[in-house]
Amino acid sequence: MFAGRYLWWMLMGIGIFMFATLSLDYITWLTIQLSGCGEMAGACEPALRLISGVLKPACIWTAIGVLFMATLLRLHALSLIWFWGPIVAIWFVASTPILLFLAADAAALTQSATLAALPVAFLFLAAFAAYLMFALEDGDMLPLAASVPLRLTLRLTAVYGALAGAAFMPELSRIAGTLLDMPALSIVIALAQPYLQTVLTIGTGSMAPAYAVLAAFIAALAASLLPHAAAPQPSRSTIMLRRLRR
């Protein structure tokens, strides 16, 4: 999936999410007002159940699915799927609670409540999704391959972000145990998460180390864009012609 199509699908997914979060509540209110079901007790229950219980969750999960699949297809097109695919999958799983939290009642949410519930994995995901919107395949240099130190920095910080997403996700033990039908796994994850949190925060209990790693990740992504923003490199056909002449 090239950059333009990826951007279109990402905007489509965000649009579906914003529609479900901000507009469906007003549509519900308008439906009740136009139908006049509010005059009879319990007459609005079928409409409320359909819109709030079926249509809204369906739109939210559709939006998440569109964003996830578009990102994986973009990684596949850039030949980055084997390492970055699992990392992105963990980021998406860790970011799902905040998306559902925002979709619950976006109009009533405060800035402090939103920031308190914002996982660091969501910030890693947002930065990486923004990076993928650039036309990385236009140049001769491969994406995320500017230099060995830079590539190593990106991978180490990305792994840290994935571990942080798993460590600071309270629902992870319940979700893993339910999906895999392994209650023992839920217990193991619940016991391991506090130790992993201690390691990732260097024993401080603060999220400052995580945000420092996030800043390093964003800086490395920005630095990896510099070769693409520089003067155009020789085309592949020119390089192949030079090799044939030799």
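Computed over heavy atoms, backbone and side chain alike; hydrogens, waters and symmetry mates excluded. Being a predicted model, the structure only gives us computed values, none of them experimental. In this chain, numbering begins with 1 at the start of the sequence shown.
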### Query
Quick one: ring pair (Phe, Tyr, Trp, His ring centres under 6.0 Å) partners of Tyr160, sequence neighbours excluded?
none

### Query
What's the spacing between Thr62 OG1 and Phe19 CZ if we round to 0.5 Å?
11.5 Å

### Task
Provide the full list of salt bridge (charged side-chain N to carboxylate O under 4.0 Å, His left out) pairs with a residue in residues 201-216, sequence neighbours left out, each pair given once.
none

### Which atom of Trp91 lies closest to which atom of Ala158, heavy atoms considered
CZ2-O, 3.7 Å

### Message
Quick check for you: to the nearest 0.5 Å, what is the distance between Cys59 atom SG and Phe17 atom CZ?
### Response
11.0 Å

Side-chain donor-acceptor contacts of residues 186-198 below 3.5 Å, not counting sequence neighbours, with atom names and distances?
from   : atom 1 : to     : atom 2 : distance (Å)
Ser186 : OG     : Ser173 : O      : 2.6
Ser186 : OG     : Gly177 : N      : 3.3
Gln193 : NE2    : Ala166 : O      : 2.7
Gln193 : NE2    : Met169 : O      : 3.0
Gln197 : NE2    : Ala167 : O      : 2.7
Thr198 : OG1    : Pro194 : O      : 2.9

### Met18, CE atom: more than 12 neighbouring heavy atoms under 6.0 Å
no

### Query
Same cluster for Ile90 and Met207 if Ile/Leu/Val/Met/Phe/Trp/Tyr side chains link at under 4.5 Å?
no

Mind listing the side-chain donor-acceptor pairs of residues 69-78 below 3.5 Å, one per line with the distance, residues two or more places apart or on another chain?
from  : atom 1 : to     : atom 2 : distance (Å)
Thr71 : OG1    : Leu67  : O      : 2.8
Arg74 : NE     : Leu132 : O      : 2.9
Arg74 : NH1    : Met1   : O      : 3.0
Arg74 : NH1    : Glu137 : OE1    : 3.1
Arg74 : NH1    : Glu137 : OE2    : 3.2
Arg74 : NH2    : Leu132 : O      : 3.1
Arg74 : NH2    : Phe134 : O      : 2.7
Arg74 : NH2    : Glu137 : OE1    : 3.1

### Summary
To the nearest 0.5 Å, atom CG of Leu123 lies from atom CD1 of Ile98 at 9.5 Å

### Query
Does the side chain of Pro209 reach to within under 4.5 Å of the side chain of Leu200, using non-hydrogen atoms?
no

### Query
Are any of the side-chain heavy atoms of Phe168 and Thr201 separated by less than 4.5 Å?
yes

### Message
I need the minimum non-hydrogen distance between Ser224 and Tyr131, along with the two atoms involved.
### Response
OG-CE1, 3.3 Å

### Message
So which atom in Ala129 and which in Met10 form the shortest heavy-atom distance, rounded to 0.1 Å?
### Response
CB-CE, 4.0 Å

### Message
Same cluster or not: Tyr6 versus Ile14, using hydrophobic residues (I, L, V, M, F, W, Y) connected whenever any side-chain heavy atoms lie under 4.5 Å apart?
### Response
yes

### Message
Quick check: is Val213 connected to Tyr211 through a chain of hydrophobic side chains (ILVMFWY, heavy atoms under 4.5 Å apart)?
### Response
yes

### Single-linkage hydrophobic cluster, 4.5 Å side-chain cutoff, Trp82 and Leu152 together
no

### Task
Could you tell me which non-hydrogen atom of Ile60 sits nearest to which non-hydrogen atom of Ala20, and how far apart they are?
CG1-CB, 3.8 Å

#### Entry: Interatomic distance, Ile16 atom CD1 to Leu11 atom CG [nearest 0.5 angstrom]
11.5 Å

## Note on the structure
Applying ring pair (Phe, Tyr, Trp, His ring centres under 6.0 Å) to Phe122 and not counting sequence neighbours gives none

Got a list of side-chain donor-acceptor pairs under 3.5 Å for residues 214-222, not counting sequence neighbours?
none

### Query
CH2 of Trp84 to OG of Ser79: how many Å apart, nearest 0.5 Å?
15.0 Å

#### Entry: Co-membership, hydrophobic cluster, residues Leu163 and Leu156, 4.5 Å side-chain
no

### Query
Where is the tightest heavy-atom contact between Ala94 and Ala121, given as atom of each residue plus distance?
CB-CB, 3.7 Å

### Task
Kindly determine whether Leu154 and Phe83 satisfy side chain to side chain contact (heavy atoms under 4.5 Å, CB included), including the steps that lead there.
CA-CA 11 Å; Leu154 282 168; Phe83 175 80; over 6 Å; no

### Nearest non-hydrogen partners of Ile87 and Ala162, listed with the distance
CD1-CB, 3.9 Å

#### Entry: Within-4.5 Å side-chain heavy-atom neighbours: Phe124 and Ser95
no

